[in-house]
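Letters go in sequence order (proteins before strands), and every chain restarts at 1. Remember, predicted model here, so these are calculated numbers, not experimental data. Keep in mind that the numbers below use all heavy atoms, side chains included, and drop hydrogens, waters and symmetry copies.
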Amino acid sequence: MTTKTHETTPVLPLPEGVARAVALVGGVIAAASAMMSWTWTSDFPGDLTYYGSPAGLQWLALVGGALTALLVLGSYGTPGIRWISPSGGKNGILFAALGTMAVCWYTVAAISIQLGGLANLEPGGWVAAIGSLIAVLGALGLPLDRRLTVKQPTVQWWWYAVAAASVLFWFGLDQGWVLVAIPDGIEDIFTTNTWFFLTLPAAILLFKGWLLLDKALRIGRIERPLPAVRELSSWIEILLIAGIFAVGLAAVTFGVSAEYGELFVGYLLLIGFATAALNSSGLLARIRDLTAKHRAVTTGGAFAAAGAFPFTQSSDTYTLIAVNILIFATVALGLNVVVGLAGLLDLGYVAFLGVGAYAAALVSGSPFSVFRGVHLPFPIAVLIGALAALVFGVVIGAPTLRLRGDYLAIVTLGFGEIFRITMNNMDGNSGPSLTNGPNGIAAIPDVTMFGFDFGKSHNILGIELGKFGNYLLLMLVATAIVVTVFSRVSDSRIGRAWVAIREDETAAEAMGINGFRVKLIAFALGATLAGLAGAVQAHVASAVSPDQYLFAGAVPPNSAFLLAAVILGGMGTISGPLVGAAMLFLIPAKLQFLQSYQLLAFGVALILLMRFRPEGLIASRRQKLEYHEADIPAQASPTDDALSKAGA
Amino acid sequence: MTTDTAPTTTAKPVLQASGVVMRFGGLTAVNNVDLTVGEGEIVGLIGPNGAGKTTFFNCLTGLYVPTEGTVTYKGTVLPPKPHLVTQAGIARTFQNIRLFANMTVLENVLVGRHTRTNEGLFSAILRGPGYKRAEAESREKAMELLEFCGLANKAQHLARNLPYGEQRKLEIARALASEPGVLLLDEPTAGMNPQETRAAEELVFAIRDKGIAILVIEHDMKFIFNLCDRTAVLVQGQKIVEGDKETVQNDERVITAYLGAPLEGAAEGTSTTAGTEDDQ
Ligand SMILES: Nc1ncnc2c1ncn2[C@@H]1O[C@H](COP(=O)(O)OP(=O)(O)O)[C@@H](O)[C@H]1O
Ligand SMILES: [Mg+2]
């Protein structure tokens with residue numbers, strides 16, 4: 001037997017029945033507060049002044065509070081809603097309550113700060129804050145899964161010294177007396193970034209606070225076997241999957257169409273905590289099992305849900321965002337072939353997107369193209385884009401992939417920059433006339449296929465589908481192609497060879513794999529998929545220009561973000577890069593106030609993720625095995641005595 | 001030092017190394033070694049640590065390009081490219097286990113079948129009936145091999161999570177998947193307890209019974225003399241003697257090499273030293 005590492009005890013010494021009732025009541029109060037007015041003026045974004053009709057952030061409080069209440073009821077076996085908590089663990093309740101509290105308190109704080117004081121709160125705001133706090137206190141009285149010991153880094157004394165010095169420095173900047181010691185030329189750097197000298201100590205104190213909290217709560221995770229599922233007929237299961245996608249579509253739509261930063265922050269908080277809650281209640285595992293059982297239905301459902309998105313929108317604004325997410329995600333999935341499967345670090349992947357986009361743009365009838373008269377049909381233009389990227393992939397890959405080590409990273413990084421600079425210079429002045437230089441190739445005509453003009457609005461089934469709605473459906477086809485290619489290839493002879501090369505190149509070669517050849521195939525396939533996406537992108541944006549294809553920039557897709565989407569989402573998986581790309585696109589687009597510190601925030605997020613979830617948001621099957629091998633039932637084998645048989 | 005003329009084998013030669021020399025700068029790790037493995041034979045290769053045994057294996061399998069000499073498989077000279085050597089019919093295991101740690105046991109064996117299948121990228125994408133048939137056949141053969149090596153019940157486990165002894169078995173199963181004519185085993189029982197060593201012996205015999213010739217490096221003398229039809233002794237890169245159990249055991253140079261020189265003699269029995277830790 002292994003030694004015990006976890007226990008199931010409450011944090012607050014309440015009788016279980018009382019704690020349960022408190023958590024339930026807290027959740028209900030928080031949810032009910034959404035029906036009240038939270039503030040007196042409509043100045044706060046979203047207008048939270050009405051009784052009886054929730055708006056914006058109040059919806060999030062409603063969902064969080066309801067989820068908390070349902071989890072309380074479900075985990076205590078209330079008939080009818082037991083399904084929400086198959087594991088019966090109580091940690092999910094705490095996570096849901098914390099998520100609700102985070103949303104409510106964040107909103108209350110945002111109202112007070114923006115409008116100048118607590119006086120701006122109406123009773124509803126107070127009810128939300130207090131209700132969610134009650135829910136958390138109740139949840140802390142429930143028997144939670146907790147670690148017996150906590151391993152923590154120590155905060156060294158000099159961290160506090162740095163924090164104190166930093167505050168002092170900030171004060172000095174404020175009063176002006178430190179400036180004496182700073183050379184004139186660089187004074188600006190300090191005076192325009194005073195925030196940093198307060199953020200640093202705040203981060204240190206927050207970290208210490210987190211450690212103290214963690215030590216007190218010791219929240220952990222005990223793997224509980226889920227009870228056997230009742231046999232359902234498969235059409236009910238398929239209906240369930242459809243329901244799951246409907247909820248998913250609603251959640252994503254809410255996020256994509258969040259109109260102001262506050263709402264999106266609240267949304268992120270709730271999504272994060274709710275995911276944790278449902279994961280620990282076991283519902284996510286159930287959903288995973290269900291979707292794994294009906295893979296074709298699931299994939300179809302995901303595409304149907306994505307295809308349904310433009311029909312839920314009254315204007316094209318958010319549909320354009322959705323198309324761009326889809327382009328970004330598709331390219332990230334292509335990169336996942338190269339990085340996730342074959343383990344080749346490609347730092348200039350966006351250049352292949354550019355090659356595809358430029359090649360397609362040149363032959364699609366733009367007045368700015370040097371081939372002015374040429375207007376090939378869209379499918380041919382896409383093919384040309386993909387082929388051009390393939391050629392570049394082979395040309396870049398062939399000499400570099402023979403070498404082992406990090407040469408590829410350096411060469412691809414260089415190629416990415418060379419591509420951009422070359423496109424910039426092929427304007428007829430600094431170089432041959434091909435790309436129209438920094439102005440790029442604009443005014444690419446809209447796609448027309450089978451008499452269907454993608455540039456116009458169409459009325460489909462009584463719903464108006466705008467230009468970007470059309471393109472979203474078109475892009476979905478490209479995504480479907482990439483998903484199919486990825487899933488089929490990754491589970492094939494060549495896909496296994498890629499993973500083998502990634503794991504141990506020498507051993508792979510000793511198993512008969514021609515390393516160079518196989519890597520070149522991966523690299524070329526990755527380039528081709530990017531070229532395909534690029535060709536569609538050129539038509540969606542109806543323009544290509546060199547500055548779209550950067551190594552790192554504020555707007556995805558760029559090589560750094562693509563790589564991050566793959567790593568954050570989960571290497572070697574399909575849904576990982578799609579989820580990673582969606583988040584990396586939405587977060588900067590929605591949190592405009594982060595703009596100038598985006599890369600900093602991004603770096604911090606990456607470090608945190610690598611620390612706490614190195615396998616990425618979505619773990620591949622292989623990684624799941626790595627962490628939860630015990631869960632996999634041993635295959636019944638009639639040949640346990642094979643060895644003695646072999647010896648006979 | 002002179003090299004004994006190799007005892008003539010009656011069996012048809014499968015693997016033939018002649019005049020193999022491997023120099024690393026000033027160091028001659030393998031010096032003019034001739035060795036023949038005949039059909040259905042189990043040949044042992046012993047020698048103190050650092051004698052050049054693993055280096056010799058690397059020369060045979062194309063991981064190193066020998067400075068001089070040639071390696072022939074069933075009469076054809078092999079190019080020094082590992083994947084072509086495996087394609088020709090030579091498979092190997094590694095002294096320090098080199099599995100694909102994050103792949104499942106079954107996938108490891110399927111990778112071993114790489115040279116015996118030829119589905120490319122397009123057939124994988126199109127998934128025609130031919131592809132499905134080939135893939136199903138591969139899986140079947142891989143499962144057969146796992147059963148043969150006693151790993152069938154671990155097929156879906158990650159290679160990294162197998163206990164040490166089973167990792168060694170998996171390396172053998174993976175090598176067998178390439179349907180070799182000759183199998184090179186580099187210290188297959190290193191780190192095993194006596195029972196596991198006995199089981200490994202049985203496994204080696206069973207492989208020979210499949211008609212696969214075997215060349216095995218080992219430190220465990222009992223293991224070698226139980227198994228091998230013939231044993232060659234390598235000392236400081238040179239083959240000093242080759243023959244059956246009695247010839248080798250009674251050879252004075254072998255006794256000196258193992259017992260006479262205290263430094264090298266001390267190495268017997270220890271499977272790895274710092275010097276051989278990270279070799280191929
Ligand atoms: N790649 C290499 N570069 C330089 N020296 C090497 C290399 N590979 C092996 N050697 C040297 O060759 C000698 C023989 O090593 P090895 O073949 O591993 O011995 P054994 O397997 O018999 O214990 C050692 O001295 C080792 O350090
Ligand atoms: Mg060795």
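At most 12 non-hydrogen atoms from other residues, nucleotides or ligands lie less than 6.0 angstrom from CZ of A:F392. Around CZ of A:R517, the count of heavy atoms belonging to other residues, nucleotides or ligands within 6.0 Å does not exceed 12. For B:F122, the CZ atom counts as loosely surrounded, since its 6.0 Å shell holds 12 or fewer non-hydrogen atoms of other residues, nucleotides or ligands.
Between A:D491 and B:R139 there is a salt bridge, since at least one side-chain N of the basic residue sits less than 4.0 Å from a carboxylate O of the acidic one.
To the nearest 0.5 angstrom, B:L126 atom CG is 11.5 Å from A:T484 atom OG1. Here A:E509 contributes atom CD and B:L63 contributes atom CG; the two are 8.0 Å apart, rounded to the nearest 0.5 Å. Here the CD-OG distance, from B:E135 to A:S492, works out to 7.0 Å after rounding to the nearest 0.5 Å. To the nearest 0.5 Å, the span separating CZ on A:R502 from CZ on B:F100 amounts to 11.5 Å. Between A:T528 atom OG1 and B:L121 atom CG the span is 9.0 Å, to the nearest 0.5 Å. The structure places CZ of A:R493 at 4.0 Å from OG1 of B:T117, a figure rounded to the nearest 0.5 Å.
Chain A forms the most heavy-atom pairs under 4.5 Å with one residue out of B:E171, B:E119, B:K210, B:R127, and that residue is B:R127. By number of non-hydrogen pairs under 4.5 angstrom with chain B, the leading residue of A:S487, A:A497, A:A508 is A:A508.
Scanning both residues, A:R488 and B:I125, for their nearest heavy atoms gives NH1-O, 2.7 Å. Heavy atoms only, all atoms of each residue included: A:A510 and B:F94 are closest at CB-CZ, 3.6 Å.
Contacts with chain A (heavy atom to heavy atom, under 4.5 Å) involve these residues of residues 79-86 of chain B, listed by number: B:P82, B:H83, B:T86.
Using a 4.5 Å cut-off between heavy atoms, B:I90 does not touch chain A at all. Using a 4.5 Å cut-off between heavy atoms, B:R208 does not touch chain A at all. Both the backbone and the side chain of A:I513 come within contact range of chain B, with heavy atoms under 4.5 Å apart. For B:T61, no part lies under 4.5 angstrom from a heavy atom of chain A. In this structure, chain A has heavy atoms under 4.5 Å from both the backbone and the side chain of B:A101. For B:R116, no part lies under 4.5 angstrom from a heavy atom of chain A.
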For this session: Would you sort out whether B:E107 and A:R496 count as a side chain to side chain contact (heavy atoms under 4.5 Å, CB included), showing the intermediate values?
Result: CA-CA 7 Å; B:E107 283 172 326; A:R496 287 189 294 265; 4.3 Å; yes
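In this structure, the side chain of A:E503 engages the main chain of B:N102 through a donor-acceptor pair within 3.5 Å.
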